[in-house]
Amino acid sequence: MNVTIVDYNSGNISSVINSFKEVAKDKVNIDVTSDLNKIKSSDKVVLPGQGSFKSCVDALNNISGLVDTLNEFAINNKKPLLGICVGLQMFADVGFEETETKGLSWISGKVSKIDNQNGKYKLPHIGWNEINITKDSKIFKGIKNKSHMYFVHSYEFVPEDKNVISATTDYSSNIVCSVEKENIFGTQFHPEKSDKIGLKIINNFISL
Amino acid sequence: MLKNRIIPCLDVKNGRVVKGINFVDLQDAGDPVEQVKIYSDGGADEICFLDITASNENRDTIYDVVEKTSKKCFVPLTVGGGVRSVEDINKLLNCGADKVSINTAAVQNPEVVLESSKKFGSQCIVVAIDAKKNGDKWEIFTHGGRNNTGTNAIEFAKKMEDSGAGELLVTSMDRDGTQVGYDIELMSKISSKVNIPVIASGGVGNLDHLVDGIKLGNASAVLAASIFHYGKYSVKEAKEYLDLKGIPVRI
């Protein structure tokens, strides 16, 4: 099996690569590339993302044909895709970080700044927070409710259809931190930095 | 609920851990990979490397350390010490660091913070503020605490937030190495001035000091070196103690 981590100059993806390689060992081949043919032929795709919503969308669009290839992979062919952090946020129709920017429109909704209640909550939301699992998700197999995950973000994904939400976390309000819609998975937290429990989520995705 | 973080800090010199855990059963106390594994297995919420390599010719050794360590470290790894430019930050991130802490360069050239936070995102830019009390204010020291810049630390903290820093690592030079506790006044003044998380550092001698840093200093995270280095307490003991005192921690 081939799992491709999309390398589209979206910032630092070394930790994502390290953790997937740790979990994959020799069983699964992990590619790190923006090569469209390799993405097309892979079994699963990981879409990481660091920095702002706008910078990530711009970086995707800068690689000719990449967005079309991802659409074909996730929407037409319905193959498993995992978005991490801004990778998840880009599933939305629109994001408001820096300036209003169109997303991939895979899951209807918007990405807006977390309400810090006039400074009561510090932003970015950095550190370990518990997740409240709201529905059975394949990537949460064997993961206990209230497990701790590592977060670092200032913006949140607000999907229109609440049925896609698979977990929330409590920071200022109930923030969506994981979604599942058919073959599309996303986590706002960083499984690659969430210790052994995070590696388990990665293993669950690889084993789908 | 967001948990308060405990961050053990390791001093690295010429690619070797020089101040680490002094466990007798450790095969090689200077091996960063082994040291980091002990901390992360013990529940460290993040790990911090401080590169204290003095000579320029050995500066590149930190990249090897980060590269080797990050392959086996699945909690966030922050690297600081001698970071001068956007290019230095880029190299450390490519080697597998999750965050980079900038000290002297941030004071001498705040543009580095602005540029790097734009380029890599605020989440990986930590500004390290070394401050010492002078009369009724705190001043920023650079070059590992040797140079007094005369810059007001609290105003500087605000400026760094505006420049895009994601977190501030605040060290009291008066307290560093003394084991008498954090400079609580400094921590709480900076924490109330900025809306980004503050990591308290400098002066921890016992577990109550960690409690004070969070409860009185309003720090989001507490960093300590020697209490862990010399095996006085383990990270696990520290977390259990904080939990006992009603502080939310990841256990």
Side-chain angles (χ1 to χ4, degrees), chain A residues 9-23 49-56 85-86 97-98 116-130 132 146-155 169-172 175 190-200 202, chain B residues 1-7 40-41 43-47 66-77 89-90 92-100 117-126 161 164-168 191-199 218-221 248-251:
Chain A
N9 305 315
S10 68
N12 179 25
I13 59 169
S14 331
S15 289
V16 176
I17 300 168
N18 287 337
S19 60
F20 271 81
K21 287 196 170 162
E22 172 75 11
V23 172
Q50 279 203 350
S52 73
F53 186 95
K54 183 182 183 299
S55 68
C56 286
C85 198
V86 185
E97 190 170 2
E98 285 184 67
N116 75 346
Q117 301 184 20
N118 291 320
K120 193 177 157 205
Y121 289 88
K122 299 213 172 229
L123 289 181
H125 170 219
I126 297 186
W128 297 82
N129 209 333
E130 290 162 349
N132 311 302
K146 302 278 178 192
S147 290
H148 288 97
M149 301 293 167
Y150 185 78
F151 288 83
V152 46
H153 64 126
S154 300
Y155 285 75
T169 193
D170 188 15
Y171 193 69
S172 169
I175 290 173
H190 291 267
E192 77 278 14
K193 283 283 128 185
S194 295
D195 218 336
K196 294 178 187 74
I197 200 110
L199 297 183
K200 192 167 175 60
I202 291 172
Chain B
M1 181 186 227
L2 182 65
K3 305 300 160 83
N4 291 103
R5 289 168 281 158
I6 294 193
I7 308 174
S40 67
D41 285 351
D45 295 308
E46 292 186 32
I47 310 255
V66 174
E67 194 157 16
K68 274 193 210 122
T69 316
S70 62
K71 286 200 166 65
K72 294 288 166 196
C73 174
F74 303 105
V75 297
L77 178 66
I89 298 167
N90 192 24
L92 286 169
L93 293 175
N94 282 336
C95 290
D98 296 289
K99 309 181 197 182
V100 173
S117 62
K118 267 203 182 133
K119 192 166 172 164
F120 310 113
S122 289
Q123 84 287 338
C124 63
I125 304 300
V126 180
E161 176 184 25
E167 285 175 284
L168 300 175
S191 187
S192 62
K193 184 84 179 178
V194 299
N195 281 319
I196 53 177
V198 168
I199 305 163
N218 291 318
S220 302
V249 284
R250 175 182 69 114
I251 288 183

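Every chain is numbered from 1 and lettered A, B, ... according to where its sequence line falls, protein lines coming before strand lines.
- In this structure, chain A has no heavy atom under 4.5 Å from any part of B/I89.
- If you measure heavy-atom distances from A/L199 to chain B, the contacts under 4.5 Å come from the side chain alone.
- No side-chain heavy atom of A/K122 sits under 4.5 Å from any side-chain heavy atom of B/E167.
- Residues forming a side-chain contact (heavy atoms from CB on, under 4.5 Å) with A/N129 (at least two apart in sequence, or on another chain): A/H125, A/F151, A/T169, A/Y171, B/L2.
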Test log, rule side-chain contact (heavy atoms from CB on, under 4.5 Å), inputs B/F120 and B/N90: CA-CA 8 Å; B/F120 310 113; B/N90 192 24; 3.7 Å; yes
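- When each of B/P197, B/C73, B/G96 is checked for heavy-atom pairs under 4.5 Å with chain A, B/P197 comes out on top.
- Checked for salt-bridge contact, A/K196 and B/D41 meet the test: a charged N lies under 4.0 Å from a carboxylate O.
- Between chain A and the options B/N94, B/V249, B/N195, the largest number of non-hydrogen pairs under 4.5 Å is found for B/N195.
- Checking side-chain atoms of B/Q123 against main-chain N and O of A/Q50 turns up no donor-acceptor pair under 3.5 Å.
- Between B/K72 and A/E22 there is a salt bridge, since a side-chain N of the basic residue sits under 4.0 Å from a carboxylate O of the acidic one.
- Between the OG atom in A/S15 and the CG atom in B/L93 there is a gap of 9.0 Å [rounded to 0.5 Å].
- Residues B/V66 and B/L77 meet the side-chain proximity criterion, which asks for heavy atoms closer than 4.5 Å.
- Looking at B/A221, there are no atoms closer than 4.5 Å to chain A (heavy atoms on both sides), in backbone or side chain.
- For the options B/G43, B/S191, B/C124, B/G121, heavy-atom pairs under 4.5 Å to chain A are most numerous at B/S191.
- Remark: B/K118 pairs with no residue by the salt bridge (Lys or Arg N to Asp or Glu O under 4.0 Å) rule, at least two apart or across chains.
- Ranked by non-hydrogen atom pairs under 4.5 Å with chain B, the options A/D195, A/D170, A/I13 are led by A/D195.
- Of the two parts of A/S52, neither the backbone nor the side chain holds a non-hydrogen atom closer than 4.5 Å to a non-hydrogen atom of chain B.
- Annotation: maximal heavy-atom pairing with chain A below 4.5 Å, among B/E161, B/R250, B/K3, occurs at B/R250.
- Contacts between A/K21 and chain B at a heavy-atom distance below 4.5 Å are absent for every atom of the residue.
- Contacts between A/N12 and chain B at a heavy-atom distance below 4.5 Å involve the side chain alone, from C-beta outward.
- Using a 4.5 Å cut-off between heavy atoms, B/S40 contacts chain A through its backbone alone, with no side-chain atom that close.
- With a 4.5 Å cut-off on non-hydrogen atoms, A/E130 touches chain B through its backbone and its side chain both.
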